[in-house]
2 protein chains.
Amino acid sequence: MATTRDLLVDTMKQLLWERGYDATSPNHVLERSGVGKGSFYHHFKSKKDLAVAAMEARADDLIAEFDSLISQSSGDWFDKVCAYLQLPRHALKGCRMGRIVQDPSVGDDQLLAPLDRYFSTMHQRFSGIYQEAQRQDKLAKTIPAEALATLTLSVIQGGFVVGKATSQDQIVDETSGSFMTLLESLKRH
Amino acid sequence: MATTRDLLVDTMKQLLWERGYDATSPNHVLERSGVGKGSFYHHFKSKKDLAVAAMEARADDLIAEFDSLISQSSGDWFDKVCAYLQLPRHALKGCRMGRIVQDPSVGDDQLLAPLDRYFSTMHQRFSGIYQEAQRQDKLAKTIPAEALATLTLSVIQGGFVVGKATSQDQIVDETSGSFMTLLESLKRH
DNA sequence: GTCTATAAGGCGATAGAC
DNA sequence: GTCTATCGCCTTATAGAC
């Protein structure tokens, strides 16, 4: 059963993706969810409170999505990274997490926390993959695993930004593809 | 002489960098510039009108900055690209142009125009550098010049996003550095 | 060109009845 | 738990005097 609380969180997740934090008002959430103002402030003490809950939930979703994808792949490090890079992404919609980082209010520690957790966790995951590949001598050590992990995340986030600015919805796939080609040149057999 | 109009544009440029478009109000601009409300709406018919002027000016600045840097460099394509990648960047401040793309109101055509012009122009500049390098056989043709140009811009923009999310001010420099190493492997002698 | 006063509406949040 | 009414503040402007 979907509780009112869950409904609010899910609606906030949608709106954070579509409009970010600052431009999403409690009224937007109420209008879309059909929940009343009284209920809102019964379950959450503030807009920020709801947003933090929504962002934590979103972070869990995306990390689970990643872990599920990687565990399904039976290939080597390169296949796993490619599986992730090749997920379809729409630049005009923006990254479900990264979309929010530029909002002025998101300088706040509480709002930053789930963002930090998401990107730090993803960084750990990629670092782990690259480290093991380097240990097994299947990946060149030209670039440290950690730096390569940061670059992997940045290529995707940057594709969203450039794609949105130039109204090119498919550009994240293009940058991911180019990056895959560069990664392949680091492959050892 | 700094006209009132110029003062408003310069102040808006600052605030767009610091707070983005949606979170910057006419009142913020007036407060910081010392200009009165009457003057504001005498020179500009709306907040959007001023923002467009400020963004066009910012695009001109950044393109001129790039052209000046590149014309000073006497090295090959790699040196030129590195000179740009090595410019100091602070992730926590955000890119002076890219910072704004995620604001909900920036779906608007007029606000998108200067952003599009900036990124398209930068893309052209990098494409030109990479194309000539490939023509002279000094750069591998593994990745088309245009795709490499997109990737170059994306790496920087993505660094800003990941850096801000994880509160790591120097991370754009790190991703730029990693990318330079990958680019170097495409160098032909 | 610049000033002050005012407007209509949205914002985030609270009060108190049911 | 949910409702409606209300609050004080901020927003993007506009009006009209100087």
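Naming: A, B, ... by sequence-line order, numbering from 1 per chain.
- In this entry the distance linking CG of Leu8(A) with C1' of dT2(D) reads 12 Å, nearest Å.
- Among residues at least two apart or in separate chains, there is no ring pair (Phe, Tyr, Trp, His ring centres under 6.0 Å) pair with a member in residues 13-43 of chain A.
- Listed by first and then second residue, the ring pair (Phe, Tyr, Trp, His ring centres under 6.0 Å) pairs that reach into residues 84-104 of chain A are Phe66(A)-Tyr84(A), Tyr84(A)-Phe126(A), sequence neighbours excluded.
- Nucleotide dA5(C) holds its P atom 20 Å from the CZ atom of Phe40(B), rounded to whole Å.
- We find that NZ of Lys47(B) is positioned 4 Å from P of dT12(D), with the value rounded to whole Å.
- The residue from Val172(A), Val162(A), Ile171(A) that alone fulfils the side-chain contact (heavy atoms from CB on, under 4.5 Å) condition with Ser154(B) is Val162(A).
- Taking side-chain N and O atoms only, His42(B) has a distance below 4.0 Å to OP1 or OP2 of dG1(C).
- The distance from atom CG of Asp22(A) to atom P of dG10(C) is 18 Å, rounded to the nearest whole Å.
- Atom NZ of Lys37(B) is separated from atom C1' of dC18(D) by 19 Å (rounded to the nearest Å).
- Of the side-chain N and O atoms in Asn27(A), one or more sit less than 4.0 angstrom from OP1 or OP2 of dC11(C).
- Among the nucleotides dT14(C), dT2(D), dA13(D), the one closest to any side-chain atom of His43(A) is dT2(D).
- Side-chain atoms of Gln72(B) and Ser68(B) include a donor-acceptor pair closer than 3.5 Å.
- Between Leu30(B) atom CG and dT4(C) atom C1' there is a gap of 13 Å when expressed in whole angstrom units.
- If you check dA13(D), dT2(C), dT2(D) against the side chain of Thr4(B), the one that comes closest is dT2(C).
- Comparing dT2(D), dG12(C), dT4(C) by their closest approach to the side chain of Ser39(A) singles out dT2(D).
- One atom, CG of Asp49(A), and another, P of dT14(C), lie 12 Å apart when rounded to the nearest Å.
- Of the listed nucleotides (dT14(D), dG12(C), dG1(D)), dG12(C) has the atom at the smallest distance from the side chain of Pro26(A).
- Considering only side-chain N and O atoms, Tyr41(A) lies nowhere under 4.0 angstrom from the phosphate OP1 or OP2 of dT14(C).
- Note on Thr24(A): only backbone sugar-phosphate atoms sit closer than 4.0 angstrom, heavy atoms only; bases stay farther off.
- Considering only heavy atoms from C-beta on, Arg89(A) comes within 4.5 Å of Phe160(A) through its side chain.
- Distance CZ (Phe44(B)) to P (dG1(C)): 12 Å, rounded to an integer number of Å.
- An OP1 or OP2 oxygen of dT11(D) is reached within less than 4.0 angstrom by a side-chain nitrogen or oxygen of Ser25(B).
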